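Each remark here refers to the structure printed beneath this line.
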Amino acid sequence: MNLGKTIAIVLAAGSGERFAGDDPKQFVKLAGHPVLLHTLKPFQWCPEISEIIIVTLPAYVNRIWEIVRDHQISKVKKVVIGGKTRQESSKIGIDCCEDDTDYVLIHDAVRPFITLEVIKDIIDAVEKYKAVDTVIATADTIVKVDSNSFISEIPDRSFLRRGQTPQAFEYQLIKQAHERAIRDGIENSTDDCALVLRLNHPVYTINGDEQNMKITYPLDLHIADKLFQLRSQTIQTYDREYLKHEFRDKVFVIIGGTSGIGESLTDILLECESRVYPLSRHTSPRIDITDEESIDNALSVIFGKEQRVGFIINCAGDLVRRNVEFMREEEWDHIYDLNIKGVFLLSRSALKYFKRQGFGYLMFVGSSSYTRGRAGYSAYSSSKAALVNFSQALAEEVYEYNIRVNVVSPGRVATPLRYRNFGKEDPRTLLSPKYVAERILMSLLVDTTGSVFEINGNEGALVK
Ligand code: CTP
Ligand code: MG
């Protein structure tokens, strides 16, 4: 419990040479949002943080104010221009704090997985120890080498840690540490704790988090994307009351809404007192997502009637299980028309309406088979992989219009489509459509776009 003035300084003035992207890595998109925004959120949420200062590059100041404004990161009071080195940027941030500041937390903008727990732990510790680093144990053996590449020492691993951020300090102590470093001609230290140690002041450590990775190389962005999906998945606990609270009176269009997962979605939403339009080729209005005219017609009827439509969920899709050698061209076209071209046509039509109303959510039901092609599934799983990339691209295109696009990828579900293709399977090994529908609806409440939610079973998920 900290009652003093605690400021978070977020360092975003690097140019990301090792990452080598078009934009510095703190601005690239992760799950639809700039990395920096993910980083800022936990500091905004943490009640013990009084204020946030962002240190950045001159060309990005306006863009940051836009991000901060659009996402109500109201604790950001200053966006200032950094220096040539991390040390310099850090000093600039520190010098921007008012003199009555009690503590500062210095954090890399490129560590977007920082959690509220770590922030709280470090704030508790800094009151007691005045200087604290966030570290994790090292799985690899660390060897020290000399200038000729020979090992000079293998330190005992049990005493080694990997340093992360945030690092937290009593304000006057870190200020003094930086001033001393400059006086001693030290200009390119990458670690604020190192400067405090030079004052012979002890630095305590708390445990960070394996997932609190730093985005440094291009590969790290792929790992971060995957981590983000896993995190999205783990926060989905099902809560009917919560759904009801969020979805009452909201308008849903469910395509493929009369059987399988779509039917279960419709049932649950009706119980939540949402306004639901389950559509198929046999409903009125009729919809066939391979036929643009029918899509336009159905959407214009519904938007005309409701004015505002919150969510369009597409469950329509098909599967033909056949090896490439024996697959007919019509079968191939059928799968691609339905699973991917139909989604394109549906999206193009929906965007017209969503842009007009100023918001909207497109959710596409994919399949866990998108991650790997298996014998017999060449058309199906490649179309589901295409669906994921299509959705990520679209999510970026429409982000600024407040339109979200995500995919859910369930494992094997007990649906008519499955029974048609696989005959009798032991139903106890399949996910129930109701379980999958519940998870899909929970995932709609996660604040993200361009993401894939993987839905896997546990005991309670299987068909009884
Ligand atoms: N940083 C900064 N000012 C600098 C250098 C770095 O604010 N002059 C910030 C970066 O924006 C990043 C953090 O310090 O959030 C950690 O630095 P690093 O991962 O090294 O980022 P870059 O310096 O941008 O990358 P590179 O070293 O590959 O150029
Ligand atoms: Mg650097």
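Being a predicted model, the structure only gives us computed values, none of them experimental. Start at 1 and go down the list; that is how both ligands and their atoms are numbered. When reading the values below, keep in mind they use all heavy atoms of this one structure, side chains included, and skip hydrogens, waters and symmetry mates.
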**Pair Asp23 + Arg63: basic N to acidic O under 4.0 Å** = yes
**Fill in**
Judged by heavy atoms only, the candidate from Arg18, Arg86, Glu17 nearest atom 20 (O) of ligand 1 is Arg18
**Item:** Cation-pi check, Lys29 onto Tyr399 ring (under 6.0 Å, within 45° of axis)
**Value:** yes
**Request:** State whether the number of non-hydrogen atoms from other residues, nucleotides or ligands found under 6.0 Å of Glu153 atom CD is greater than 12.
**Result:** yes
**Asked** Distance only, no hydrogens: is a donor on one side chain within 3.5 Å (strictly under) of an acceptor on the other, for Thr216 and Lys214?
**Response** yes
**Message:** Contact between Gln307 and Gln357 at the side-chain level, heavy atoms closer than 4.5 Å - yes or no?
**Reply:** no
**Request:** For Pro24 and ligand 1, answer yes if some heavy atom of the residue is under 4.0 Å from a ligand atom, otherwise no.
**Result:** no
**Asked** Does ligand 1 have an atom that lies less than 4.0 angstrom from a heavy atom of Lys25?
**Response** yes
**Message:** Looking at non-hydrogen atoms alone, which of Ile215, Leu57, Asp108 comes nearest to atom 13 (C) of ligand 1?
**Reply:** Asp108
**Item:** atom 3 (N) of ligand 1 - nearest protein heavy atom and its distance
**Value:** Ser89 OG, 2.7 Å
**Message:** Starting from atom 7 (O) of ligand 1, what is the nearest protein heavy atom, named by residue and atom, and what distance separates them?
**Reply:** Ala13 N, 2.9 Å
**Asked** With atoms numbered from 1 as shown, which atoms in ligand 1 lie under 4.0 angstrom from a non-hydrogen atom of Gly83?
**Response** 8 (N)
**Message:** Polar contacts were defined as any N/O atom of the residue lying under 3.5 Å from an N/O atom of the ligand; does this apply to Val55 and ligand 1?
**Reply:** no
**Asked** Will you find, in the side chains of Gln164 and Asp209, an N or O donor that is under 3.5 Å from an N or O acceptor?
**Response** no
**Asked** Hey, is Ser15 one of the residues with a heavy atom under 4.0 angstrom from ligand 1?
**Response** yes
**Asked** Quick check: are there more than 12 heavy atoms from other residues, nucleotides or ligands sitting under 6.0 Å from NZ of Lys78?
**Response** yes
**Item:** Which residue and heavy atom of the protein sit nearest atom 24 (O) of ligand 1, plus the separation
**Value:** Gly16 N, 2.8 Å
**Request:** Pull out every atom of ligand 1 sitting under 4.0 Å from any heavy atom of Lys84, numbered as shown with elements.
**Result:** 8 (N)
**Fill in**
In this structure, atom 15 (O) of ligand 1 is nearest to the protein heavy atom Leu11 O, 2.7 Å
**Side chains of Tyr336 and Ser382, donor plus acceptor under 3.5 Å** = yes
**Message:** Just to confirm my output: which protein heavy-atom neighbour is closest to atom 1 (N) of ligand 1, and how far is it?
**Reply:** Gly14 N, 3.5 Å
**Item:** Short N or O distance, Phe19 and ligand 1, threshold 3.5 Å exclusive
**Value:** no
**Prompt:** Can you check whether Val407 reaches Lys384 side chain to side chain, under 4.5 Å on heavy atoms?
**Reply:** no
**Prompt:** Of Asn339, Asp337, Val343, Leu319, which is the lone residue that meets side chain to side chain contact (heavy atoms under 4.5 Å, CB included) with Ser383?
**Reply:** Asn339
**Request:** Report, in ascending order of atom number, the atoms of ligand 1 lying under 4.0 Å from any heavy atom of Thr85.
**Result:** 3 (N), 4 (C), 8 (N)
**Request:** Identify, by atom number and element, the atoms of ligand 1 in contact range of Lys214, meaning under 4.0 Å from any of its heavy atoms.
**Result:** 18 (P), 19 (O), 20 (O)
